[in-house]
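As the structure is a prediction and not an experimental result, all values here were calculated from the model. Chain letters run A, B, ... following the sequence lines, proteins first, then strands; residues in each count from 1.
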Amino acid sequence: MGIGEGTGFVLLALLGGALLTHGLERWVGPPERGPALPVSLSCGTVLPNADRWLFPAGPIVGFMGVLLGTVVLPFGPDLVARDLGIGVFYFIVVIDFVVLGVALTGWGANTPGAVESCYRIVAQLVAYVVPLGLAYVGAIMMAHSLSTTRIVEAQSGLWFIVLQPIGFALYVVSGLMQSYRHPFLEPFADGIGGGILSVVGGWSALLWRIALAGVLFLVAAMGAVLFLGGWSGPWLPPPVWMAVKTYALMALMLWLGRLARPLSTAEMLALSWRVLIPVGLANVLVVGILILLHVGPG
Amino acid sequence: MQVEGNDIEAAYSLVGLLVIIAAGLGLLAMALWRRPSRTIEAPPAWAQYRFGFLIYALIFLAFDMEMIFMYPWAVVFADLGIAAFVDMMVFIALLSAGIAYAWGMGGLEWE
Amino acid sequence: MSVAGIVEIIAFASSAFIAVAGALGMATTMSMFRSAIFLMASFMGVAGLFILLSADLLGLLQILMYIGGMLVMALFMVLFMPDPGGAMMAAMPEMMTPIGRFFSLGLLPENSHAAAAEMSGAHAEHDTHADHGGGHGTHARHQDAEHQRGRERKEGDDAHGGGDHHAHGAQGGSHGMGHMDMSDMSMVTPVRAWAAWLAVATGCVIVGLLVLRPSWPVSSALPDPRSADQVGSLLMDKYMVGFEAAGFLILIGIVGAVLAAHSGQHPDHRDREARVAVNAPPPPIEADFLEPLSQPLRDDDKCSPAPDGGHANHHAGGEGPT
Amino acid sequence: MIVPLTAYLVVGAILFAIAVYTVVAQRSAVMVLMGIELLLNAVGLNIVAFWRFVRPDDYSAQIFTIFIITIGAVEMAIGLGIMMMIYRQRRTVQVDKFTELRG
């Protein structure tokens, strides 16, 4: 894809995905708390003692992280903006910009609720990065490549969800952590007035709305690529298959998340470091043994 | 003339363009969004704060590197077979020993 | 000079500029959190240079490692330092060097301090005419909206190099130290002037060596684009011992960090074992000497305690967030 | 490659100079640690510049840089751990207050 059409494709995919995610969040369950809190797009905010360099940088960095993440999403055999050789690793790196954006906005706003949300978002980063990385490793081992299109092609025979159920479960839990959805709502909890969403207004509210909905969309889309065979499917055209799988996985994640009670930061960190990471390491070994026994496509 | 930039740089040109577009859109939105705005009165909160996940953060710094070693290994694993698998078993054993030590020493708790 | 050449030069110039500006910002700004963010921006610039050198795996590794690392570092700064946000320090512009003053802009509310207001008023809302030069993989953080004076000085960086832009930074700093009674609150040691000259000297020596040295045997081969495969196969056969040693190093890092932070507390401490439930707020730990931060900082030096010492940590850190 | 090798090395030199300034002049130990991170980074930039221009076929330089970044990460973890110990004992991490070893 050339640069011009690549840019158009990325912007279209992101805004469309974020819009549908926004709609799906409202439809799936009770009025969603946390990142989907209603925020006024029309009324801006003036913060007297904010940091005038970090505070506006937050939404821009968050929006940029989501925009860059959409570059490697494959919606069809050649419907991907840039099929990078290390696409999946690039995806994990770029999604961290959203956490950086929230931290910048939180600290820059200089209000107790926002600064507390900055501390909690760093705690959430510490909790979700390692298990998420381990959940990706399983799919990469079987696909022999980090490029997203190669991973989807490797799943033409059998989807990886069948071969790696543990990896899929680990991905769903750390995906919920990564997109701050129920039950891991701490950075946007009501206790601190919705964290940064209480200090965000006008244009930054719009950028944050796109970024936070975009994160959930990207997490679900990458889950579909890694475990549900991306765009491959019998009758429907490839992009439609990708959209169907993405929103099915998103609905499953949101529904599963609502079953659990909201976890505090301490419980989330304990869950991540005591349960998810050992399970992730075990999953890597199990998938390695599967490959050595020539079970998977490897 | 030197050969055109090889395909690694060409692949990331779209990424660079998108960085500029994101910054541009953000600044444009900030500059043009002249709407009524409410002032939020709140006490300044930049103060010393003792967060509870001290040991988690320290271990995260060291443990973050494990992913970097795992991805190249995962890519070439199927071709190298059992030797690479034993390598990674040793690497994973070392890392889980680290986590077990931190857990045993009471590190994985909220202070 | 093909289009790709021009694009490459622009990308190199903006990445190098962001790297140098971020490093300068980190060295001179008064706010601690901001210096961590500036260093992160500097690493993004260096990651852009890595991608220009078609070492994309390293560039992305750099960004991943240092986003998490710098946020944790910023958190530890907030834990250790009395004034992490730099609001108090920014109220005394004469304490800082001209570069420091520039990189601490935007910290103060518009109407709070006469001098600062005039200072930030002069630069108006410089966010709007921000420099759009975002290089590869770098994010156009707002401190790229540099000051005009900064622009000419920085543009010269790529051509002749050399850290001489420190020079006037040094004089600005030294005279400010003497009469301030709050001087021990400042972030830099009195040896700053010598450090600036040392830095300028090392910069000039290295760049001089680079320029005078005969050029290296440059090969025009292209690296193999499949970097992950190459690194993986090398790690597995040629550098396997280094790979295991790195795993062992990470283990030692975890052991050292846990011991250092938990020194003097054996895990099977009778009551600690009993009461540590995952989210039960533990009673204040008497064993360590970190008593609650409610009292003002006791500083035995001659300097009188900060007048509003209470204000600095009214945000009692004792209570856990749960 | 239009941009010559010396341009990358000059940028590395400038970052090295700023890092030297930070390590020597900063008062708080956390800033000194950040200066050391910048030092490691400037060296990594030089290594990758030489790899790309002199021996692009052999990826050993990239592995060397990965090990440098690993050492930087572990050093950050242990450095902050040590600062925790110092902070517990003295309630400050200002390096010019640690003068016990001076004669």
Side chains of Ile2(D) and Ile6(C) in contact at under 4.5 Å (non-hydrogen atoms): no

Portion of Glu37(D) that has a non-hydrogen atom of chain C nearer than 4.5 angstrom: both

Best-contacting candidate, Gly68(C), Ala221(C), Ala201(C), against chain D by heavy atom pairs under 4.5 angstrom: Ala221(C)

Check: Val74(D) and Ile252(C) side chains under 4.5 Å, non-hydrogen atoms: no

Most chain D-contacting option - heavy-atom pairs closer than 4.5 Å, from Val72(C), Val255(C), Ile206(C): Ile206(C)

Minimal non-hydrogen separation, Ala199(C) against Val20(D), with atom names: CA-CG1, 4.4 Å

Smallest separation among heavy atoms of Ala23(C) and Leu15(D), with atom names: CB-CD2, 3.7 Å

Parallel, tilted or perpendicular: ring planes of Tyr87(D) versus Phe80(C), cut at 30 and 60 degrees: tilted

Atom of Met32(C), atom of Ser28(D) and distance for their closest heavy-atom approach: CE-OG, 3.8 Å

Which residues share a ring pair (Phe, Tyr, Trp, His ring centres under 6.0 Å) with Phe243(C), sequence neighbours left out: Phe69(B), Phe91(B)

Leu39(C) portion near chain D, given a 4.5 angstrom heavy-atom threshold: side chain

Interatomic spacing from CG in Leu235(C) to OH in Tyr59(D) - rounded to 0.5 Å: 13.0 Å

Chain D contact via Leu61(C) - which portion, at a heavy-atom distance below 4.5 Å: side chain

Which atoms of Phe67(D) approach chain C - backbone, side chain, both or neither, heavy atom under 4.5 Å: side chain

Residue Phe53(D) versus chain C: region with a heavy atom under 4.5 Å: both

Side chain to side chain contact (heavy atoms under 4.5 Å, CB included) assessment of Thr6(D) paired with Val211(C): CA-CA 7 Å; Thr6(D) 22; Val211(C) 173; over 6 Å; no

Heavy-atom proximity to chain C below 4.5 Å, by part of Ala29(D): neither

Close side-chain approach of Thr202(C) to Tyr21(D), heavy-atom, < 4.5 Å: no

Any Leu58(C) side-chain heavy atom under 4.5 Å of Ile66(D) side chain: yes

Side chain / backbone / both / neither for Leu5(D) at chain C, heavy atoms under 4.5 Å: side chain

For the student: nearest non-hydrogen atoms of Phe50(C) and Leu45(D), plus distance: CE2-CA, 3.6 Å

Separation of Phe38(C) CZ from Met34(D) CE (nearest 0.5 Å): 10.5 Å

Set of salt bridge (charged side-chain N to carboxylate O under 4.0 Å, His left out) partners for Asp224(C), sequence neighbours left out: Arg226(C)

Interatomic spacing from CG in Leu210(C) to CG in Leu9(D) - rounded to 0.5 Å: 5.0 Å

Distance, nearest 0.5 Å, that separates CE of Met76(D) from CE of Met65(C): 4.5 Å

Backbone N/O of Val231(C) and side chain of Gln62(D): donor-acceptor pair under 3.5 Å: no

Heavy-atom contact with chain C under 4.5 Å, split by part of Leu38(D): both

Between Ala19(C), Ser227(C), Ala257(C), the one whose heavy-atom pairs under 4.5 Å with chain D are most numerous: Ser227(C)

Options Pro217(C), Gly242(C), Ser219(C), Gly253(C), ranked by heavy-atom pairs under 4.5 Å with chain D, top entry: Ser219(C)

Nearest heavy atoms of Met84(D) and Leu79(C), plus distance in Å: SD-CD2, 3.7 Å

Ser60(D) versus Lys238(C), closest heavy-atom pair with distance: OG-NZ, 3.7 Å

When Thr65(D), Val48(D), Asn41(D) are compared by non-hydrogen pairs under 4.5 Å with chain C, the top option: Asn41(D)

Residue pair Ser54(C) / Arg52(D), side-chain donor-acceptor N/O under 3.5 Å: yes

Option that, when pairs with chain D are counted at under 4.5 Å, heavy atom only, ranks first among Ala195(C), Gly256(C), Ser233(C), Ala245(C): Ala195(C)

Top contributor to chain C interface from Val23(D), Val30(D), Ile82(D), Asp58(D) [non-hydrogen pairs under 4.5 Å]: Val30(D)

Residue pair Thr70(D) / Leu249(C), side-chain heavy-atom distance below 4.5 Å: yes

Tyr8(D) versus chain C, the contacting section by heavy-atom distance below 4.5 Å: both

From Leu53(C) atom CG to Ile47(D) atom CD1, the distance as rounded to the nearest 0.5 Å: 12.5 Å

Val24(D) side chain reached by Trp194(C) side chain, heavy atoms, under 4.5 Å: no

Whether over 12 other heavy atoms sit under 6.0 Å from Phe248(C) CZ: no

